[in-house]
Amino acid sequence: MCVVASAYKTAAPQLGTLSEEQVDKFHRDGFLVLEKFASPEECAALKTRMDQLLHDFDPQTISIFSTKNQAATTDNYFLRSASDIGFFFEDKAFDEAGHLRQAKELSINKVGHALHDLDPVFRQFSRSAAVCNVLRSLGYARPLPVQSMYIFKQPGIGGEVVPHQDSSFIHTSPLTCVGLWWALEDCTKDNGCLWAMPGIHKDGLKRRFTLGPGGKVAFDAPQPAYDLSQFVPLECPAGTLVLLQGENVHYSAENTSPVSRHSYSMHLVESAPGVTWSADNWAQRGQDNPWQPLYG
């Protein structure tokens, strides 16, 4: 059973337009859970398209994604994925000899980070009228999608995502990051659902993940210690949209179950005059390939 405490669960808005109460809940808690936002047909279409992308993927380049040691596992392939579609393996996908333990389809951690721009199926979903209305409801004048990811949470090996703030990785002045996270399959505590800490975003941003000379990345402060008992599980059915304020702290545990937990996420920032994209963010694009706003 997928359960979110009633204090944090709300019905999906009509065509994406949030009510005043829903906007207030988002600003109060730092997240908002909207069930039945995406239809079963939309979820199936994204999963089917990803099956096709994985089938066509020839793993000549091995890039591993792990939030436990992110600075060390970030490579040029990862950095180039800001304007491409990259495939990143689970840390536990390989044996001692460096061979995949199972099929590539069951070994990938995530695919990103430009699905919302480059793939027609994901682009259409990411730029729907309902998505635009969500951003309008939150007051965005020119929302700019800068990152998208398809996350697999593979059965048995789906890696932990440690407590973090999205604004650490997607930084603007002033801070404007918002995450949209869709459950494409039912999400439970058994298969690695999201956990979020209500209200923690009001304490501000604690550290940044920055790009330095030579393509080297690093955090500018140690990982803060969080009391995990203060997080609430966001168990939810497929089709749910979770909105995440950029300074909210959230995480997901390893998936030790035999059931996958596919999800799709997109992160956006405000790009209206007066907001600056930080030059030391890991994700950068050239003037010949700029990010494209949803509207405005």
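We number each residue from 1, following the sequence as shown. Predicted, not measured: the structure shown is a model, and the values here were computed from it.
For the pair Thr48 (side chain) and Ala45 (backbone), a donor-acceptor distance under 3.5 Å is absent. Thr240 contributes no side-chain N or O that, together with a main-chain N or O of Cys236, makes up a donor-acceptor pair within less than 3.5 Å. In this structure, Gln245 contributes its side chain and Thr176 its backbone to no donor-acceptor pair below 3.5 Å. Between the Asn109 side chain and the Phe89 main chain, no donor and acceptor come within less than 3.5 Å of each other. Although no hydrogens or angles enter the test, the distance criterion places a donor-acceptor pair under 3.5 Å between the side chain of Ser278 and the main chain of His171. The backbone N or O of Pro237 lies less than 3.5 Å from no partner atom in the side chain of Glu35, so there is not a single donor-acceptor pair. Of the possible donor and acceptor atoms, none in the side chain of Glu160 sits under 3.5 Å from a partner among the backbone N and O of Ser252. Gln154 contributes a side-chain N or O that, together with a main-chain N or O of Glu105, makes up a donor-acceptor pair within less than 3.5 Å. With Ser137 contributing its side chain and Leu18 its backbone, the two residues share a donor-acceptor pair below 3.5 Å. The backbone N or O of Ser257 lies less than 3.5 Å from no partner atom in the side chain of Asn191, so there is not a single donor-acceptor pair.
Checking Arg28, Glu20, Gln22 one by one against Asp24, the side-chain contact (heavy atoms from CB on, under 4.5 Å) holds for a single residue, Glu20. Put simply, the residue from Leu234, Leu241, Leu194, Leu243 that forms a side-chain contact (heavy atoms from CB on, under 4.5 Å) with Val33 is Leu234. Between Pro145 and the options Arg127, Arg123, Gln292, a side-chain contact (heavy atoms from CB on, under 4.5 Å) holds for only Arg127.
Following chains of ILVMFWY side-chain contacts shorter than 4.5 Å, one can reach Ile200 starting from Tyr251, so the two form part of one hydrophobic cluster. Both Phe37 and Val23 are assigned to one and the same hydrophobic cluster, defined by single-linkage of ILVMFWY side chains at heavy-atom distances under 4.5 Å. If you chain together hydrophobic residues whose side chains sit under 4.5 Å apart, Val111 and Phe125 fall into the same group. The hydrophobic cluster containing Val121 also contains Ile85, counting ILVMFWY residues as joined when their side-chain heavy atoms lie under 4.5 angstrom apart, directly or transitively. Under a hydrophobic-cluster definition in which Ile, Leu, Val, Met, Phe, Trp and Tyr are linked whenever side-chain heavy atoms come within less than 4.5 Å, directly or via other members, Val146 and Leu118 are assigned to the same cluster.
Of the N and O atoms on the side chains of Glu270 and Thr172, not one donor lies less than 3.5 Å from an acceptor on the other residue.
Between His113 and Trp282 there is a side-chain heavy-atom pair separated by less than 4.5 Å. Ser167 has its side chain within reach of Leu205: a pair of non-hydrogen atoms, C-beta onward, lies under 4.5 Å apart. Looking at Leu32 and Leu244, their side chains never come closer than 4.5 Å, going by heavy atoms from C-beta outward. Contact check for Leu180 versus Leu268: side-chain heavy atoms found under the 4.5 Å cut-off. Within the 4.5 Å cutoff, the side chain of Val134 has no heavy atoms near those of the Tyr140 side chain. Between Tyr264 and Trp181 the shortest side-chain heavy-atom distance does not fall below 4.5 Å. By the 4.5 Å heavy-atom criterion applied to side chains, Leu100 and Phe94 are counted as neighbours. At a threshold of 4.5 Å between non-hydrogen side-chain atoms, the residues Tyr295 and Leu135 count as touching.
Interatomic distance, Trp277 CH2 to Trp291 CH2, rounded to the nearest 0.5 Å: 4.5 Å. In this structure, CZ on Arg207 lies 10.5 Å from NE2 on His164, to the nearest 0.5 angstrom. One distance of note links CE of Met266 with CZ of Phe122; it measures 11.5 Å at 0.5 Å rounding. Note: Leu46 CG to Leu115 CG = 9.5 Å, rounded to the nearest 0.5 Å. Rounded to the nearest 0.5 Å, atoms CG (Leu294) and CZ (Arg136) are 8.5 Å apart. Asp117 contributes atom CG, which lies 7.0 Å from atom OG of Ser148 (distance to the nearest 0.5 angstrom).
Under the 6.0 Å distance and 45° angle rule, Arg208 does not count as a cation-pi partner of Phe219.
Crowding of Lys189 atom NZ: a count of heavy atoms from other residues, nucleotides or ligands under 6.0 Å not exceeding 12. Environment of CD in Gln124: sparse, with no more than 12 heavy atoms of neighbouring residues, nucleotides or ligands closer than 6.0 Å.
Taking the six-membered ring for Trp and thresholds of 30 and 60 degrees, Phe169 and Phe209 have ring planes inclined between 30 and 60 degrees apart.
Between Lys202 and Asp29 no salt bridge is recorded (no basic side-chain N to carboxylate O distance below 4.0 Å). Between Lys206 and Glu247 there is no salt bridge, since none of the side-chain N atoms of the basic residue sits less than 4.0 Å from a carboxylate O of the acidic one.
Residues passing the side-chain hydrogen bond (donor to acceptor under 3.5 Å, both in side chains) test with Gln147 are His267, sequence neighbours excluded.
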Subject >> Phe87 and Phe57: CA distance, side-chain angles, deciding distance, ring pair (Phe, Tyr, Trp, His ring centres under 6.0 Å) verdict >> reply: CA-CA 8 Å; Phe87 296 77; Phe57 167 57; 4.2 Å; yes
**OP:** Begin with the C-alpha distance, continue with both residues' side-chain angles, and end with the deciding distance and a verdict on side chain to side chain donor-acceptor pair (under 3.5 Å) for Lys153 and Ser263.
**Re:** CA-CA 8 Å; Lys153 272 291 189 189; Ser263 61; over 6 Å; no
Subject >> Step-by-step ring pair (Phe, Tyr, Trp, His ring centres under 6.0 Å) determination, His262 to Phe152 >> reply: CA-CA 4 Å; His262 289 201; Phe152 295 84; 5.1 Å; yes
Subject >> salt bridge (charged side-chain N to carboxylate O under 4.0 Å, His left out) evaluation trace for Arg285 with Asp84 >> reply: CA-CA 10 Å; Arg285 285 199 185 177; Asp84 201 355; over 6 Å; no
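In terms of heavy atoms, Ala38 sits closest to Cys43 at CB-SG, 4.1 Å.
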